[in-house]
A.B. asks: 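My structure is below; once you've seen it, I'll send some questions.
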Amino acid sequence: MIRKVVLGMSGGVDSSVSAVLLKKEGFEVTGVTFQIWDWRVTEDMATCCSLVSAETAKRVCEELGIRHKILDLRDAFADKVIEDFYSEYSRGYTPNPCVRCNRFIKFDFLLREADRLGAEYIATGHYARIEAMNNRYILKKGVDFRKDQSYFLYVMTQKQLGHTIFPLGSLTKDRIRKLAREMGLPAAERPESQEICFIPEDNYPLFLKNLIPEKIIPGVIIDKKGKRLGTHKGICLYTVGQRKGLGIAAPKPLYVINIDAETNTIVVGEKEDAYGSDLIADDVNWVAIDGLNSTIRLKARIRYAMKETEATIEPLSDKMVKVRFDEPQWAITPGQSVVFYDGDVVVGGGIINRNY
């Protein structure tokens with residue numbers, strides 16, 4: 001019996017090599033590209049939702065002799081990701097749209113397409129690994145720790161993990177590039193996609209100004225004691241830990257340490273004021289365990305580019321935990337994700353609600 005797999009195809013080197021590896025393993029591969037944003041906005045840019053990406057993905061599939069489909073998910077993406085993106089910024093939070101997309105769009109719609117085509121598996125070019133252990137599917141870091149993407153995947157369910165293949169999880173990026181060149185793939189030398197795929201040049205302030213101009217309301221910048229120091233251009237345009245763009249002359253550099261949406265106020269302080277040791281996370285998803293009934297010691301990471309740090313995680317409810325780090329962390333940011341690790345195993349993660 002032929003094994004079928006539906007592969008998320010962005011047109012980049014990672015998904016292109018994934019297609020070749022899956023085909024070599026004997027899978028009947030169908031490449032699926034999502035249209036999640038208006039291609040006119042990104043038609044000349046190497047993003048995973050651009051027209052050039054879709055055309056490259058189609059060309060790769062044609063050369064490999066596999067089917068290619070484009071799914072129009074603009075409405076679903078706008079509802080689940082874009083609306084959350086601007087509403088979170090409007091309340092002083094800094095969301096992570098990649099996590100949101102993985103949770104509500106990417107794996108959900110790939111599985112739907114797999115069901116429609118009679119495919120048992122779906123696949124993506126993420127740098128992560130999945131293993132079956134003790135009647136549970138375990139999510140692990142990719143072997144290439146420089147490219148590891150497990151941080152973005154903690155939202156996956158057991159059903160999704162059980163039907164997902166990550167062909168690149170045990171390979172390094174350098175090896176992927178080399179394989180792509182040897183295979184003569186069109187994406188071999190294609191640059192990395194930008195951080196937020198639907199925002200040209202990663203200019204999120206301009207994106208928000210165009211999308212929700214009515215929410216961009218100037219307000220007051222104050223210090224920790226409440227002294228007025230200046231005026232901000234709208235809380236949507238700032239994030240905790242930000243230094244540039246404050247427009248304040250001061251003896252020492254100042255950083256955003258709090259954003260109060262109710263009063264439309266930004267609080268700034270010196271660098272040491274932006275460190276914190278505690279946070280509350282909600283909407284927690286447990287991956288390696290069924291749930292948390294007692295306090296546990298794990299390592300935790302509060303943003304993708306950071307290393308995880310020793311922490312104590314205390315359950316407050318089924319979906320909420322308190323996290324206390326052994327060492328203060330830089331710019332704990334509401335709206336971002338905190339992800340818990342035991343070695344290279346993702347134990348779970350949640351959305352940072354508030355810190356104190």
A.B. asks: Checking Y121 against T164: is there a side-chain donor and acceptor pair closer than 3.5 Å?
C.D. replies: no
A.B. asks: Do F152 and Y304 have ring centroids that are under 6.0 Å from one another?
C.D. replies: yes
A.B. asks: Could I get the full list of side chain to side chain donor-acceptor pair (under 3.5 Å) partners for D75, not counting sequence neighbours?
C.D. replies: none
A.B. asks: Quick one, K319 with D283, criterion salt bridge (Lys or Arg N to Asp or Glu O under 4.0 Å). Give me CA distance, side-chain angles, the key distance, then yes/no.
C.D. replies: CA-CA 5 Å; K319 292 289 186 177; D283 209 10; 5.4 Å; no
A.B. asks: Taking salt bridge (Lys or Arg N to Asp or Glu O under 4.0 Å) as the test, write out the residues that go with E308, two or more places apart.
C.D. replies: K141, R301
A.B. asks: For V81 and P97, work out which heavy atoms get closest and say how close.
C.D. replies: CG1-CB, 3.9 Å
A.B. asks: Are any side-chain N or O atoms of Y238 and backbone N or O atoms of L246, one a donor and one an acceptor, separated by less than 3.5 Å?
C.D. replies: no
A.B. asks: When you measure from the side chain of R3 to the backbone of A119, do you find a donor-acceptor pair of N or O atoms at a distance under 3.5 Å?
C.D. replies: no
A.B. asks: Is any side-chain N of the basic residue among K299 and D344 closer than 4.0 Å to the acidic one's carboxylate O?
C.D. replies: no
A.B. asks: Going only through I, L, V, M, F, W and Y residues with side-chain contacts under 4.5 Å, is there a path from I235 to Y89?
C.D. replies: no
A.B. asks: Same cluster for V345 and Y154 if Ile/Leu/Val/Met/Phe/Trp/Tyr side chains link at under 4.5 Å?
C.D. replies: no
A.B. asks: Would D342 and R297 pass as an ion pair if we require N to O under 4.0 Å?
C.D. replies: no
A.B. asks: Roughly how far, to the nearest 0.5 Å, is NZ of K106 from SG of C98?
C.D. replies: 7.0 Å
A.B. asks: What's the separation between atom OG in S90 and atom CZ in F85, rounded to the nearest 0.5 Å?
C.D. replies: 10.5 Å
A.B. asks: When rounded to the nearest 0.5 angstrom, what is the spacing between CG in L185 and CD in E182?
C.D. replies: 10.5 Å
A.B. asks: For the residue pair T239 and V256, what are the closest heavy atoms and their distance?
C.D. replies: O-CB, 3.4 Å
A.B. asks: Check this for me: does any side-chain nitrogen of one of R91 and E88 sit under 4.0 Å from a carboxylate oxygen of the other?
C.D. replies: yes
A.B. asks: Measure the shortest side-chain to side-chain distance between L171 and F166 over non-hydrogen atoms and say whether it is less than 4.5 angstrom.
C.D. replies: no
A.B. asks: Do the side-chain N and O atoms of Y93 and N353 include a donor-acceptor pair separated by under 3.5 angstrom?
C.D. replies: yes
A.B. asks: So, does Q336 use its side chain to make a donor-acceptor pair with the main chain of P95 at under 3.5 Å?
C.D. replies: yes
A.B. asks: For V13 versus A180, what's the shortest heavy-atom pair and its separation?
C.D. replies: CG2-CB, 3.6 Å
A.B. asks: Sequence neighbours excluded, which residues qualify as side-chain contact (heavy atoms from CB on, under 4.5 Å) partners of L206?
C.D. replies: N203, N210
A.B. asks: So that I can tick it off, tell me whether K69 and E113 are bridged by a salt bridge, with the cut-off set at under 4.0 angstrom between side-chain N and carboxylate O.
C.D. replies: yes
A.B. asks: Does K23 reach the side chain of I66, with side-chain heavy atoms less than 4.5 Å apart?
C.D. replies: yes
A.B. asks: Do other residues, nucleotides or ligands put more than 12 heavy atoms under 6.0 Å from the NZ atom of K58?
C.D. replies: no
A.B. asks: So does K322 pair up with D282, basic N to acidic O under 4.0 Å?
C.D. replies: no
A.B. asks: Does a donor on one side chain and an acceptor on the other come within less than 3.5 Å for Y341 and S150?
C.D. replies: yes
A.B. asks: Between E120 and K4, is the closest basic N to carboxylate O distance under 4.0 Å?
C.D. replies: no
A.B. asks: How about CD on E262, more than 12 heavy atoms from neighbouring residues, nucleotides or ligands closer than 6.0 Å, or not?
C.D. replies: no
A.B. asks: Ignoring hydrogens and geometry beyond distance, is a side-chain donor-acceptor pair present between T263 and D260 at under 3.5 Å?
C.D. replies: yes
A.B. asks: Please report the closest heavy-atom contact between A114 and I122, naming both atoms and the distance.
C.D. replies: CB-CG2, 3.7 Å
A.B. asks: Is there a donor-acceptor pair closer than 3.5 Å between any side-chain N or O of T172 and the backbone N or O of R175?
C.D. replies: yes
A.B. asks: With no hydrogens and no angle check, is any side-chain donor or acceptor of H232 less than 3.5 Å from a backbone partner on N264?
C.D. replies: yes
A.B. asks: Between D108 and R112, does at least one N-O distance fall below 4.0 Å, as a salt bridge requires?
C.D. replies: yes
A.B. asks: Quick one: does V32's side chain get under 4.5 Å of L110's, heavy atoms only?
C.D. replies: yes
A.B. asks: Verify whether the ring centers belonging to F34 and F77 lie closer than 6.0 Å.
C.D. replies: no
A.B. asks: When you compare the side chain of Q160 with that of L111, does any pair of heavy atoms fall below 4.5 Å?
C.D. replies: yes
A.B. asks: Report yes if the side chains of V220 and T231 come closer than 4.5 Å at any heavy-atom pair, otherwise no.
C.D. replies: no
A.B. asks: Decide whether I280 and Y275 are clustered together by the hydrophobic rule: side chain heavy atoms of Ile, Leu, Val, Met, Phe, Trp, Tyr closer than 4.5 Å, transitively.
C.D. replies: no
A.B. asks: Report yes or no: does E63 contribute a side-chain atom to a donor-acceptor pair with the main-chain N or O of V60 at less than 3.5 Å?
C.D. replies: no
A.B. asks: Would you kindly confirm whether I138 and M156 end up in one hydrophobic cluster when ILVMFWY residues are joined by side chain heavy atoms under 4.5 Å apart?
C.D. replies: no
A.B. asks: Of Y86, F207, Y204, which is the lone residue that meets ring-ring contact (aromatic ring centres under 6.0 Å, His included) with F198?
C.D. replies: F207
A.B. asks: Using modelled atom types only, decide if a donor and an acceptor are shared between the side chain of S337 and the backbone of V339 within a distance under 3.5 Å.
C.D. replies: no
A.B. asks: Looking at Q329 and E327, would you say the former's side chain and the latter's main chain have a donor-acceptor pair under 3.5 Å?
C.D. replies: yes
A.B. asks: I need the L254 CG to I266 CD1 distance, nearest 0.5 Å.
C.D. replies: 12.5 Å
A.B. asks: Kindly work out whether a path of hydrophobic side-chain contacts (I/L/V/M/F/W/Y, heavy atoms less than 4.5 Å apart) joins L237 to L229.
C.D. replies: yes
A.B. asks: Give a yes or no answer on whether the side chain of R303 reaches the backbone of A331 with a donor-acceptor pair at less than 3.5 Å.
C.D. replies: yes
A.B. asks: Could you tell me if the side chain of H68 sits less than 4.5 Å from the side chain of R59, heavy atoms only?
C.D. replies: no
A.B. asks: Please report whether the ring centroid of W330 lies less than 6.0 Å from that of Y255.
C.D. replies: yes
A.B. asks: Picking from D278, V240, L279, what satisfies side chain to side chain contact (heavy atoms under 4.5 Å, CB included) with I332?
C.D. replies: L279
A.B. asks: CD/E270 to CG/D223 distance, rounded to the nearest 0.5 angstrom?
C.D. replies: 10.0 Å
A.B. asks: Sequence neighbours excluded, which residues qualify as side chain to side chain donor-acceptor pair (under 3.5 Å) partners of D72?
C.D. replies: R74
A.B. asks: Can you confirm whether the side chains of R324 and S277 place a donor and an acceptor under 3.5 Å from each other?
C.D. replies: no
A.B. asks: Tell me, please, which residues at least two apart from K173 pass side chain to side chain donor-acceptor pair (under 3.5 Å).
C.D. replies: D14, E192
A.B. asks: Between T333 (side chain) and T94 (backbone), is there a donor-acceptor pair under 3.5 Å?
C.D. replies: no
A.B. asks: CD1/I36 to NZ/K80 distance, rounded to the nearest 0.5 angstrom?
C.D. replies: 15.5 Å
A.B. asks: Could you walk me through whether F104 and D84 pass side chain to side chain contact (heavy atoms under 4.5 Å, CB included), step by step?
C.D. replies: CA-CA 12 Å; F104 293 106; D84 176 80; over 6 Å; no
A.B. asks: The criterion is salt bridge (Lys or Arg N to Asp or Glu O under 4.0 Å); which residues satisfy it with R243, sequence neighbours excluded?
C.D. replies: none
A.B. asks: Hey, does I289 have a side-chain heavy atom less than 4.5 Å from the side chain of V347?
C.D. replies: yes
A.B. asks: How about V20 and L179: do any of their side-chain heavy atoms sit closer than 4.5 Å?
C.D. replies: no
